[in-house]
2 protein chains.
Amino acid sequence: MNIQFNNRDPVYIQVIQHFKLQIAKGFLESGDVIPSRRELASQLKINPNTAQRAYKEMEEEGLIKTEKNQPSKVTHDQDVLRGVRNELIDEAVSQFVDSVKSINVPLEDAMKLIETHYKEKGDYND
Amino acid sequence: MNIQFNNRDPVYIQVIQHFKLQIAKGFLESGDVIPSRRELASQLKINPNTAQRAYKEMEEEGLIKTEKNQPSKVTHDQDVLRGVRNELIDEAVSQFVDSVKSINVPLEDAMKLIETHYKEKGDYND
DNA sequence: GACGGTGTACTAAGTGGTTAATACACTGTT
DNA sequence: AACAGTGTATTAACCACTTAGTACACCGTC
């Protein structure tokens with residue numbers, strides 16, 4: 001567990017984002033336990049309340065499930081997990097399409113640019 | 001002149017963005033005059049200092065040029081103007097590619113999604 | 001039952017950055 | 001010369017939001 005924080009976005013948002021990425025990549029699966037608030041805070045050197053805030057929002061989104069005095073677990077609802085991935089993708093697509101359309105970039109040009117950029121950069125591993 | 005402000009981003013940023021879009025679309029061309037700080041502020045119902053801040057940053061980026069007691073004008077430097085468009089595009093492309101790669105979406109899938117989304121939505125007019 | 005672990009709630013403090021207020025210098029016009 | 005319009009600079013106020021502090025309730029285990 002290690003997150004590269006930027007100091008642009010709020011920490012708790014970045015924590016949530018981190019977990020969503022893990023889920024979207026399949027590294028975190030249904031039923032997996034995640035660290036306690038205090039443990040996560042300790043590992044990431046953040047305030048426990050910040051961890052709590054992140055967990056609370058994830059709980060409200062249905063990503064994780066917490067039972068009394070039990071470590072929080074990733075939800076068993078497969079649809080929700082698939083949803084995380086799809087939302088991340090949809091968000092990226094929508095934003096991109098909105099951007100290029102707003103300045104009248106033809107579809108063909110946009111596609112070509114993506115293809116080039118995609119192939120240029122190395123793959124992610126973690 | 002009319003901007004649909006969101007209350008997420010700072011106003012002065014949105015003002016800059018608006019001018020960049022106008023430039024990228026070719027609606028604002030080299031040498032065109034833009035409203036005075038106070039006039040813009042009046043039109044948009046924002047504080048003159050907010051307009052000033054936006055103009056100042058655009059000045060620093062070389063987008064506009066201001067001479068004493070003359071209305072600010074869009075730069076004559078064509079390269080800068082082309083740069084605006086290219087930066088907007090590059091930004092969109094990079095962000096998209098980073099996003100999809102970070103969750104291991106294959107290029108083909110990404111392309112297909114873009115194509116579909118692009119065709120679905122109506123074109124922009126303004 | 002004491003202790004260390006868990007999750008949770010409430011409140012206070014801090015903080016960074018945006019926006020507003022105000023004033024100054026300059027120029028052209030009347 | 002007065003005035004109304006420019007751009008500019010400095011400082012103050014504001015404000016939303018994040019983060020931190022603290023305390024409480026609960027459960028297992030030793």
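A note on names: the letters A, B, ... follow the listed sequences, proteins ahead of strands, and every chain is numbered from 1. This one's a predicted model, so the numbers in the text were calculated from it and none came from an experiment.
We find that NZ of A:Lys56 is positioned 17 Å from C1' of C:dT6, with the value rounded to whole Å. Summarising the geometry, the separation between CD on A:Glu59 and P on C:dT6 is reported as 16 Å, rounded to the nearest angstrom. What separates CD of A:Gln70 from C1' of C:dT8 is a distance of 16 Å, to the nearest Å. Atom CG in A:Leu40 sits roughly 11 Å away from atom P in C:dT6 (whole-Å rounding). Taking atom CE of A:Met58 as the reference point, atom C1' of C:dG7 lies 14 Å away to the nearest angstrom.
Put simply, chain B comes within 4.0 Å of DNA chain D, heavy atom to any atom, from D:dG5 to D:dA9, going 5' to 3'.
Put simply, A:Val33 and A:Tyr55 are part of two different groups of oily side chains (I, L, V, M, F, W, Y) that touch within less than 4.5 Å, one to the next.
Residue-to-nucleotide proximity on DNA chain D shows that, of B:Lys68 and A:Lys68, the 5′-proximal contact is made by B:Lys68.
Considering only residues two or more places apart in sequence or on other chains, B:Glu87 meets the side chain to side chain donor-acceptor pair (under 3.5 Å) condition with none of them. Under the side chain to side chain donor-acceptor pair (under 3.5 Å) criterion, A:Ser72 pairs with A:Arg37, A:Thr66, sequence neighbours left out. Every residue was checked against the side chain to side chain donor-acceptor pair (under 3.5 Å) condition with A:Asn7, not counting sequence neighbours, and none meets it.
Note on residues 104-118 of chain A: pairs passing salt bridge (charged side-chain N to carboxylate O under 4.0 Å, His left out), not counting sequence neighbours, are A:Glu115-A:Lys119. Counting only residues at least two apart or in different chains, ring-ring contact (aromatic ring centres under 6.0 Å, His included) contacts with residues 60-89 of chain A are absent. Among pairs with a residue in residues 3-23 of chain A, those fulfilling salt bridge (charged side-chain N to carboxylate O under 4.0 Å, His left out) read A:Lys20-A:Glu61, at least two apart in sequence or across chains. Pairs engaging residues 71-85 of chain B under the salt bridge (charged side-chain N to carboxylate O under 4.0 Å, His left out) rule: B:Asp79-B:Arg82 [sequence neighbours left out].
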- In B/S/- notation, 5' to 3', how is nucleotides 19-25 of chain C contacted by protein heavy atoms closer than 4.0 Å? BBBB---
